[in-house]
Amino acid sequence: MDKAYTPKDEEKIYKSWVDAGIFTPKVPKDPIKARAKKEPFTIILPPPNANNPLHAGHALFIVEDIMVRFHRMLGDPTLWLPGTDHAGIETQFVFEKQLQKEGKSRFDFDRDTLFKMIFDYVTKNRDVAKNQMKRLGFSLDWTREKFTLDEDHIKRIYAVFRRMVDEDLVYRDEKIVNYCTFCGTAFSNLEVIHKTVDSHLWYLKYPVVGEKDRFVTVATTRPETMLGDTAVAVNPKDPKYQDLKNKKLLLPLADREIPIIFDDSIDMEFGTGAVKVTPSHSAEDYDLAKKHDLPFIRIFDYNGKSNEQVPQKYQNLYPNQVRQSVVDDMQSIELLEKTEDYSHEVGHCYRCGRPIEPMTAPQWFVKIKPLSDEASKAVQKDEIVFVPKRFKKSFLTWMKDIKDWPISRQIVWGHRIPVWYDLAQNLQAKITFINKKGEVITNIWSKLSSNIETGFYSFEEIKQGLQVLLVPINKNDQGEVAGVYYSETEANQHGKYILQETDTFDTWFSSGQWPYSTLGWEPDSNHSPDFLYFYPTSVLDTMWDILFFWVARMVIFGLYVTKEVPFKVAHMHSRVTDSKGQKMSKSKGNVIDPVTIVDQHGADALRMALVFGIAPGSDVAISDDKIRAQRNFVNKIWNASRFIDMLIDRLKEKNPAIDISLPFIKGRDGEAERGLVDQEILTQLNKIIQSTTKNINKYHFGQASEDLYHFFWNQFCDIYIEKAKDRGEDVVPVLLTVLLNSLKLLHPFMPFVTENIFQYFKQKYPNFSSEEFLAISSWPKPYEV
RNA sequence: GACCUUGUAGCUCAGUUGGUUAGAGCGCUUCGUUGACAUCGAAGAGGUCAGAGGUCCGAGUCCUCUCAAGGUCACCA
């Protein structure tokens, strides 16, 4: 053995595990029966972004590896299933930045071409994260690796979508959504970050129709949206406005008459007690408008600029430009009463940081309430147990106030929504495509199809060059949506000019179905043996920041589709921070790359540093000091083993007949009487076996690792081995016994060094263990002392 | 605005259902080790467990309040 441990063999060891197939569980012939008899231990790895290298946070998946290796050693059939995520918006955003460097943008390509380009780009990077996980020692079953854009997965989520449509749980509607005009897509509430913005409250005077010099003053934070006002609302109890019933106001600048509506929801105390109502650009105004049947005027377009709904002079401007003009003009006609300083919360895009423009847009939604109720019930009944417990409450609170989930995204990188429109029934469909000359053409189908104004384009040319298809909500007399089909075949039977929806699913619509999809749930109920055997899974472990994004959606989908919870335990681990407890970020320059640490000190040191002495759910500060300390511990284990090896060699020199075919068994014939030191270390060993087992079962990995550290270093090395230096061959059985058991107990935490030493001793001392790998050796049980 | 979490040695944090002199790693002090150990070993300094009150035979651990820090959620003009 070398004088000091070097992690140079880690990759070789990992390969030997994989080659031996020990991470690949066998599925019995009758999986249902087998599962009833003994339930496998299963974890589905939260799929990292296929395009990105791992960051320090991913390294915390070692808690999954600890559980998985532990259960494998307990003899449970164990599966840890790996995969990667296409990570829709994230990846497209990164790719577009790449394009930008080449002086191009997404608008230069048709949809299919752009998708293929991103696919190639991601494919090139996909193995990076995979290899990094191997470096970290993750005992994943690579034979079952999955990707969110695998055909099987696509087929399954399409089938679920179809089922949701049929069961009226998915609908398409033009509602107010969070729209980022820079990213060019709608977002769910979760993707909106609220920031406090110092702004103003502008008091605008709207003249009362038919009454000279009479005005209603409204206070607003968004004067630019007044051009889209369709009412002013006041509280029916408000004495100030009692005589305004049935009166109308003249909307300045736009010169439109708008009604005054009365609604209890209006706060009489705020501002003037009168609120301008802009149904197309404010969520609460949207609700008011629905209630009072007001018209909708959307004044900003999806490109972020004002449209033809506003007077000419305000057209084609960004909101802040419109704001400036509106305020100036209102002032010049003396309709700006006053301006006050005011700070309030404004939604910003989590991705690009720009303000979100709430606006009405046709989108696909999931009717969430019936689904979330089921999820809440299951969690309430502890069919899913949260670790730490406090996340149960957050989960339930969030579920209670959940709103319908907009699942369509106006990006190409993702699962294209499986909906086909018959253009003949949707003449107003707006089509953007690149023609053969490479020009971007936008027009509505009625014009394109009749070649009016547009010149002649064959349908093939349009279809091939298609960028965006925007079909207005089109309901027929019966209130049914016309010309919409949920399979291509079906659509083709009805029409000649068929185009598929260009929107894609929210990434979480796909990853929310990850557990059952990766295991082989089939829409026709002809499920795979894997699914029958491993589902529901045992534990889901992830960082708490995607509790709502992902964990909640998996629970919802799992219960809806399989009628079972997707996992029984939701273990929320925490964030890895720098040595001062600061969140890692590129801008702070405190990002730690896990693989760099593995290169320097080995995976074991990093793994141990990440769990040593941490409490469940609390942040994990990682520092050089901590890693060095654990690197020293790795070396300590190595050197203690090496010393034991040397000691036995020395004893053998003195007495070649010494029997080293142990290990320790109580009452073995001819065994020397054990001294008190032996009793003591064996008692300690028993305690550590029990406490480690208990702590891992309770997810107290920090405690378990700390106890092991002290047992091995202080009890075994400092006391027992020190005393063994002065003793004879009678120490050998106990030395080997404690060493072997320590290696086993430490293995889930530090798989490489322990397997390395195990293989060395196994080779040199044939009876050290009959087990092929430490990774599949039996978990220790207490000894009789 | 609602909810959650945290406040323990110089730093980063443990302390599982309340039970004798409060722990670890790193750092610091002294001594010793060059035949297991990129060191290691032995000994040690250092905390009124944020503050106040309460429950209890007994509280860092449970309850209330105060102060401080962080986080999550939220359509208020």
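Remember, predicted model here, so these are calculated numbers, not experimental data. Lettering of chains follows the sequences in order, A, B, ..., and the numbering in each one begins at 1.
Each of B:C13, B:U16, B:C26 was ranked by its minimum atom distance to the side chain of A:A629; first place goes to B:C26. Relative to the side chain of A:N639, the nucleotides B:C37, B:U72, B:G15 differ in distance, and B:C37 lies closest. Out of B:G41, B:G25, B:C37, the shortest distance to the side chain of A:F612 is found at B:G25. In this structure, the nucleotide among B:A36, B:A14, B:U16 sitting nearest to the side chain of A:Q703 is B:A14. Checked against B:C13, B:A74, B:C37, the side chain of A:A621 finds its nearest nucleotide in B:C13. Among B:C37, B:A42, B:C76, the nucleotide with an atom closest to any side-chain atom of A:D718 is B:A42. Between B:A74, B:U72, B:C37, one nucleotide has an atom nearer to the side chain of A:E345 than all others, and that is B:A74. Closest to the A:N632 side chain, of the nucleotides B:C75, B:C26, B:U39, is B:U39.
For the C1' atoms, the distance from B:G53 to B:G23 is 28 Å, rounded to whole Å. Remark: the separation of the P atoms in B:C63 and B:G25 is 31 Å, to the nearest Å. Rounded to whole Å, the separation between the P atoms of B:C37 and B:G47 comes to 37 Å. Going from the P atom of B:C11 to that of B:U72 covers 26 Å, rounded to whole Å. Look at the P atom in both B:G58 and B:G15: the space between them is 26 Å, to the nearest Å. For the C1' atoms, the distance linking B:C28 with B:A9 amounts to 12 Å, nearest Å. For the P atoms, the distance from B:U5 to B:A24 is 29 Å, rounded to whole Å. B:A69 sits 11 Å from B:A50 when the C1' atoms are compared, rounded to a whole Å.
Side-chain atoms of A:E722 come within donor-acceptor range of the base of B:A36, with a qualifying N/O pair under 3.5 Å. A donor-acceptor contact under 3.5 Å is not formed by the side chain of A:K626 with the base of B:C26. Residue side chain A:D267 reaches the base of B:C76 through a donor-acceptor N/O pair under 3.5 Å, judged by distance alone.
Across all strands shown, B:C73 is found opposite B:G1 as a Watson-Crick or G-U wobble partner, with both distances under 3.5 Å.
Residue A:R631 has no polar side-chain atom (N or O) positioned under 4.0 Å from OP1 or OP2 of B:G25. The side chain of A:K698 places no N or O atom within less than 4.0 Å of a non-bridging phosphate oxygen (OP1 or OP2) of B:U16. A:K694 has no side-chain polar atom (N or O) that falls below the 4.0 Å cut-off from OP1 or OP2 of B:U16. Between B:A14 and A:S618, a contact under 4.0 Å exists linking OP1 or OP2 to a side-chain N or O. Between A:R642 and B:C40, a side-chain N or O to OP1/OP2 separation shorter than 4.0 Å is absent.
Seen from the ring of A:W405, A:R553 counts as a face-on cation partner, given the 6.0 Å and 45° thresholds. Taking the ring centre of A:F643 as origin, the terminal cationic atom of A:K725 falls inside the region bounded by 6.0 Å and 45° from the ring axis.
Centroid-to-centroid, the aromatic rings of A:F761 and A:Y765 come within less than 6.0 Å.
If you take CZ of A:F643 and P of B:C37, they are 10 Å apart, rounded to a whole angstrom. Between A:Y709 atom OH and B:G25 atom C1' the separation is 6 Å, expressed in whole Å.
Taken from CG in A:D229 to OG1 in A:T278, the straight-line distance is 4.0 Å, to the nearest 0.5 Å.
Of the residues near RNA chain B, A:K403 and A:R390, the one whose nearest nucleotide (by heavy atom distance) lies more toward the 5' end is A:R390.
Comment: A:R727 engages A:D678 in a salt bridge, judged by a side-chain N to carboxylate O separation of less than 4.0 angstrom.
Defined by atom type and a distance below 3.5 Å, a donor-acceptor pair is present between the side-chain atoms of A:D263 and A:S265.
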